[in-house]
Amino acid sequence: MAGAEDLAKAKGCFACHDINAKKVGPAFKDVAKRFAGRPDAVAHLSERIKKGGVGEWGNVPMPPQNVTDEEAKKLAEWVLSLK
């Protein structure tokens with residue numbers, strides 16, 4: 001997970017998310033808990049990061065993020081590693 005938190009900071013993820021507390025979006029640890037053990041978690045979160053979405057955590061939309069497929073996967077794996 002080396003560099004993943006720095007990537008999240010560089011991509012502006014912390015503008016709406018925090019590791020431990022809900023901001024505009026859910027806390028990263030809450031995301032990790034919700035998807036723990038789900039076999040498609042990395043793919044699902046990677047797609048959400050790239051394409052955005054609404055409804056999974058309420059009515060506030062998450063806009064699509066300007067990340068590569070590799071960056072989205074790295075971010076998803078990092079979020080899921082948080083306990």
Side-chain angles (χ1 to χ4, degrees):
M1 297 294 110
E5 185 172 345
D6 289 336
L7 177 61
K9 289 176 182 173
K11 293 296 183 175
C13 302
F14 284 93
C16 295
H17 298 276
D18 186 76
I19 291 176
N20 297 302
K22 180 186 181 325
K23 288 174 83 175
V24 175
F28 289 135
K29 285 188 177 183
D30 291 339
V31 175
K33 286 178 193 169
R34 180 179 282 187
F35 291 97
R38 202 170 134 173
D40 69 334
V42 171
H44 177 78
L45 292 178
S46 295
E47 184 172 328
R48 280 294 195 161
I49 291 166
K50 283 210 48 118
K51 296 182 180 177
V54 66
E56 198 159 336
W57 293 91
N59 294 325
V60 177
M62 179 172 152
Q65 302 301 301
N66 184 22
V67 294
T68 65
D69 290 341
E70 183 179 311
E71 289 171 332
K73 182 179 179 191
K74 185 174 186 174
L75 290 167
E77 288 171 341
W78 172 70
V79 168
L80 291 167
S81 77
L82 300 171
K83 305 283 184 223

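This structure is a prediction, so every number in the text was calculated from the model and none was measured.
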When rounded to the nearest 0.5 Å, the distance separating CG of D40 from CG of L45 is 8.5 Å

Give a yes or no on whether the backbone of V42 and the side-chain of K73 come within a donor-acceptor separation of less than 3.5 Å. no

All side-chain hydrogen bond (donor to acceptor under 3.5 Å, both in side chains) counterparts of D18, not counting sequence neighbours: none

Close side-chain approach of E71 and K11, heavy atoms under 4.5 Å: yes

If you count heavy atoms of other groups shown closer than 6.0 angstrom to NZ of K33, is the number above 12? no

State whether the number of non-hydrogen atoms from other residues, nucleotides or ligands found under 6.0 Å of Q65 atom CD is greater than 12. yes

A32 and V79 have their tightest heavy-atom pair at CB-O, 3.2 Å

Do K22 and D30 meet the salt-bridge criterion of a basic N to acidic O distance under 4.0 Å? no

H17 and P26, any side-chain heavy atoms less than 4.5 Å apart: yes

So do F14 and I19 actually touch side chain to side chain, heavy atoms under 4.5 Å? yes

For a 4.5 angstrom cut-off between non-hydrogen side-chain atoms, does M62 reach V54? no

Could you measure the distance from the CG atom of L75 to the CG atom of L80? Nearest 0.5 Å is fine. 11.0 Å

Check this for me, if you would: do E70 and K74 make a salt bridge, where the nitrogen-to-carboxylate-oxygen distance has to be below 4.0 angstrom? no

Rounded at 0.5 Å granularity, tell me how far CD in E56 sits from CZ in F35. 4.0 Å

So which atom in K50 and which in V67 form the shortest heavy-atom distance, rounded to 0.1 Å? NZ-O, 3.0 Å

Residue list, side-chain hydrogen bond (donor to acceptor under 3.5 Å, both in side chains) with N20, at least two apart or on another chain: K29

Ring-face cation of R34 near W57 (centre distance under 6.0 Å, axis angle within 45°): yes

